Amino acid sequence: MIPRYTRLEIGRIWSDQNKFQQWLEVELAASDALADLGVVPSEAATLLRRHASFEVTRIIEIENEVKHDVIAFTTAVAETMARAGHAEASRWLHYGLTSNDIVDTAQALQLQQAAAILSRGLEGLAGVLACRAKEFRHAVQIGRTHGVHAEPVTFGLKLAIWYDEACRGLARLRAAAEELRVGKISGAVGTYAHIGPEVEERICARLNLKPAPISSQVIGRDRHANFVAALALVAALCERIALEVRHLQRTEVREAEEYFSKGQKGSSAMPHKRNPVNSEQICGLARVVRANVQAAFENIALWHERDISHSSVERVILPDSTILTDYLLARTTNLVDKLVVYPERMRRNLEMTRGLVFSGQLLLDLAAAGMLREEAYRIVQGHAMRAWETEGDFRAAIEADPEIRKFLTPQQTAEAFSLERQLRNVDRIFERVFG
């Protein structure tokens with residue numbers, strides 16, 4: 001991922017330095033476990049633990065010659081052992097292992113590191129959503145379906161819906177990360193031909209991983225696809241929030257807008273512009289994470305016990321998806337936290353149709369009072385359509401209609417247009433969501 005969208009902490013996880021460090025951790029855990037079982041001399045394991053190291057530049061230099069990254073790594077580590085005066089101990093490095101025992105198990109460690117950062121980020125977003133939902137619990141706003149005025153809601157309810165989705169996203173992310181918390185030391189085709197399952201269990205325990213119950217040369221890629229799908233759903237939540245902000249910031253609506261900092265400029269040509277650029281960026285980058293799901297799913301089917309068609313893909317989609325999701329969470333959290341909200345404008349927009357948005361309640365009240373539903377619908381819709389077309393006063397027309405006055409008293413008609421009645425259950429919804 002390009003530096004523009006890479007935050008420092010998660011970027012380090014996917015650096016060559018950290019990748020090879022996790023490879024070394026797996027190698028050392030293997031030599032320690034084998035030493036415990038008497039397979040590797042304990043002195044050799046101790047020396048490896050004490051002196052084994054690497055330089056990224058040297059690994060790359062060797063790989064350019066041998067065309068194999070794991071061989072380049074083990075060669076570079078062996079060189080450091082020789083320089084430390086313990087070349088003999090290096091023959092126990094990578095003993096009984098195949099390349100993917102190291103690569104897949106170490107990748108699991110990197111994914112756990114990334115998942116921890118992403119979980120914290122999603123917790124942060126949920127916290128900000130909860131705070132602002134409670135702030136605007138009773139900020140009345142028109143609800144829109146198909147982009148058209150529907151019935152009243154509150155802005156707090158909108159935020160509470162996003163909070164609820166964030167909680168589900170966090171549960172999915174944690175479950176997907178836990179499913180990926182597995183290593184494999186089962187050999188070239190998964191048969192433990194050189195190292196037994198009991199050694200794998202010891203190695204994985206040292207790394208805080210579980211052994212995969214069964215594997216070929218690779219851990220099943222359905223686990224990875226599930227994880228990327230969980231990231232895509234987190235990104236989709238960020239996009240959902242950002243898209244709503246973009247709509248609410250339109251000049252004709254202007255019920256909320258992104259924070260516009262001092263000195264910020266919106267357009268090179270139009271000094272008046274305050275554009276939802278952060279929200280647009282969030283919507284755009286979410287597409288990249290979502291697109292990576294397809295590649296992750298295509299990685300599941302490999303030739304026989306393993307090929308490497310998935311490997312090159314994962315070098316791109318795993319760093320990119322986790323880095324972008326981290327960036328999206330940070331941007332979306334900041335967007336919500338600093339969002340400028342205009343409750344007065346929300347109220348004016350709700351009232352601009354002069355009562356039209358209460359047509360559903362009026363229909364129900366007329367039916368309850370004895371008017372046939374079809375007749376009630378005909379009368380209410382007739383007034384509504386005239387109000388749409390003439391920008392007339394819907395409520396005034398309803399109050400003057402003699403057919404309606406036969407069934408509803410003025411007090412009952414006023415009750416049909418009651419905002420408090422429409423929103424009487426807001427607190428109960430909040431209790432459900434937040435406890």
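Counting begins at 1 with the first residue of the sequence. The shown structure was predicted, so the numbers you read here are calculated from the model rather than taken from an experiment.
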For this session: Decide whether Glu198 and Tyr192 meet the rule of one side-chain donor and one side-chain acceptor closer than 3.5 Å.
Result: no
Exercise. Are the charged groups of Arg315 and Asp69 less than 4.0 angstrom apart, N to O?
Worked result: yes
Problem set entry | Shortest non-hydrogen contact between Phe394 and Val380, atoms and distance | CE1-O, 3.8 Å
For this session: Quick one: list whatever passes salt bridge (charged side-chain N to carboxylate O under 4.0 Å, His left out) with Arg174, sequence neighbours left out.
Result: Glu123
Problem set entry | Ionic contact status for Glu61 with Arg58, cut-off 4.0 Å | yes
Exercise. With the threshold set at 4.0 Å, does a side-chain nitrogen-carboxylate oxygen contact exist between Lys184 and Asp101?
Worked result: yes
Problem set entry | Flag if over 12 foreign heavy atoms under 6.0 Å of CD, Gln264 | yes
Problem set entry | Between Asn299 and Arg221: side-chain donor-acceptor atoms closer than 3.5 Å | no
Exercise. Between Glu165 and Arg172, does at least one N-O distance fall below 4.0 Å, as a salt bridge requires?
Worked result: no
For this session: Verify the distance criterion only: is there a donor paired with an acceptor across the side chains of Trp14 and Thr322 at less than 3.5 Å?
Result: yes
For this session: If the plane angle is over 60° it's perpendicular, under 30° parallel, otherwise tilted; pick one for Phe73 and Phe20.
Result: parallel
For this session: Look up atom OG in Ser359 and atom NE2 in His149, then write down how far apart they are to the nearest 0.5 Å.
Result: 13.0 Å
Exercise. Is it the case that Gln249 and Arg254 place a side-chain donor and acceptor less than 3.5 Å from each other?
Worked result: no
Exercise. Is the OH atom of Tyr342 crowded by more than 12 outside heavy atoms at less than 6.0 Å?
Worked result: yes
For this session: Please say whether more than 12 non-hydrogen atoms of neighbouring residues, nucleotides or ligands are located less than 6.0 Å from CZ in Phe430.
Result: yes
Exercise. So how far is it from Leu207 CG to Gln112 CD, rounded to the nearest 0.5 Å?
Worked result: 11.5 Å
Exercise. Should the heavy atoms of other residues, nucleotides or ligands under 6.0 Å from CZ of Arg432 be counted, would the total exceed 12?
Worked result: no
For this session: Return yes when atom CD1 of Ile308 has more than 12 non-hydrogen atoms of other residues, nucleotides or ligands closer than 6.0 Å, and no otherwise.
Result: no
Exercise. Would you say the side-chain atoms of His224 and Glu314 include a donor-acceptor pair closer than 3.5 Å?
Worked result: no
For this session: Kindly check if the number of other-residue, nucleotide or ligand heavy atoms within 6.0 Å of CD1 (Ile300) is above 12?
Result: yes
Exercise. Under a 4.0 Å N-O cut-off, is there an ion pair linking Arg306 with Asp104?
Worked result: no
Exercise. Any side-chain donor-acceptor pair under 3.5 Å between Thr154 and Gln141?
Worked result: no
Problem set entry | By side chain to side chain contact (heavy atoms under 4.5 Å, CB included) - contacts of Leu37 (at least two apart) | Val39, Val199, Arg202
Problem set entry | Stepwise ring pair (Phe, Tyr, Trp, His ring centres under 6.0 Å) test for Tyr163 and Phe434 | CA-CA 9 Å; Tyr163 166 82; Phe434 299 105; 4.7 Å; yes
Problem set entry | Basic-acidic side-chain contact under 4.0 Å: Lys158, Glu244 | yes
Exercise. Which residues pass the ring-ring contact (aromatic ring centres under 6.0 Å, His included) test with Phe227, sequence neighbours left out?
Worked result: none
Exercise. Between Glu344 and Arg348, is there a side-chain N and carboxylate O pair less than 4.0 Å apart?
Worked result: no
Exercise. Would you call Glu43 and Arg50 a salt bridge, taking side-chain N to carboxylate O under 4.0 Å as the test?
Worked result: no
Exercise. Could Glu239 and Arg290 be called an ion pair, given the rule that one side-chain N must be under 4.0 Å from one carboxylate O?
Worked result: yes
For this session: Start with the C-alpha gap between Tyr327 and Gln281, add the side-chain angles, then the distance that decides, and say whether side-chain hydrogen bond (donor to acceptor under 3.5 Å, both in side chains) holds.
Result: CA-CA 11 Å; Tyr327 182 82; Gln281 184 191 66; 3.0 Å; yes
For this session: Provide the closest heavy-atom pair for Ser99 versus His94 in the form atom of the first, atom of the second, distance.
Result: N-NE2, 4.2 Å
Exercise. Less than 4.0 Å between a side-chain N and a carboxylate O, is that true for Lys210 and Glu178?
Worked result: yes
Exercise. Could you state the interatomic distance from CD1 (Ile282) to CG (Asn334), rounded to the nearest 0.5 Å?
Worked result: 8.5 Å
Exercise. Without hydrogens or angle criteria, can the side chains of Thr98 and Asn100 be said to hold a donor-acceptor pair below 3.5 Å?
Worked result: no
For this session: Give a yes or no on whether a salt bridge exists between Glu9 and Arg12, defined as a side-chain N under 4.0 angstrom from a carboxylate O.
Result: no
Seminar exercise, completed: Those residues at least two apart in sequence (or on a different chain) that pass side-chain hydrogen bond (donor to acceptor under 3.5 Å, both in side chains) with Asp427 are Arg137, His138
Problem set entry | For Arg83, all residues meeting salt bridge (charged side-chain N to carboxylate O under 4.0 Å, His left out), sequence neighbours excluded | none
Exercise. Do you know the tightest heavy-atom contact between Thr6 and Gly11?
Worked result: CG2-CA, 3.6 Å
Exercise. Atom CD of Glu255 and atom CG of Asn349: how far apart are they, to the nearest 0.5 Å?
Worked result: 4.5 Å
For this session: Consider only side-chain N and O atoms of Gln113 and Asn18, and report whether a donor and an acceptor are under 3.5 Å apart.
Result: yes
For this session: Would you please name every residue forming a salt bridge (charged side-chain N to carboxylate O under 4.0 Å, His left out) with Arg250, sequence neighbours left out?
Result: none
Problem set entry | CZ/Arg168: more than 12 non-hydrogen atoms of other groups inside 6.0 Å | yes
Problem set entry | Straight-line distance of Ile62 CD1 to Thr75 OG1, nearest 0.5 Å | 5.0 Å
Exercise. Does a sphere of radius 6.0 Å around CD in Gln294 hold more than 12 heavy atoms from other residues, nucleotides or ligands, not counting ones at 6.0 Å or beyond?
Worked result: no
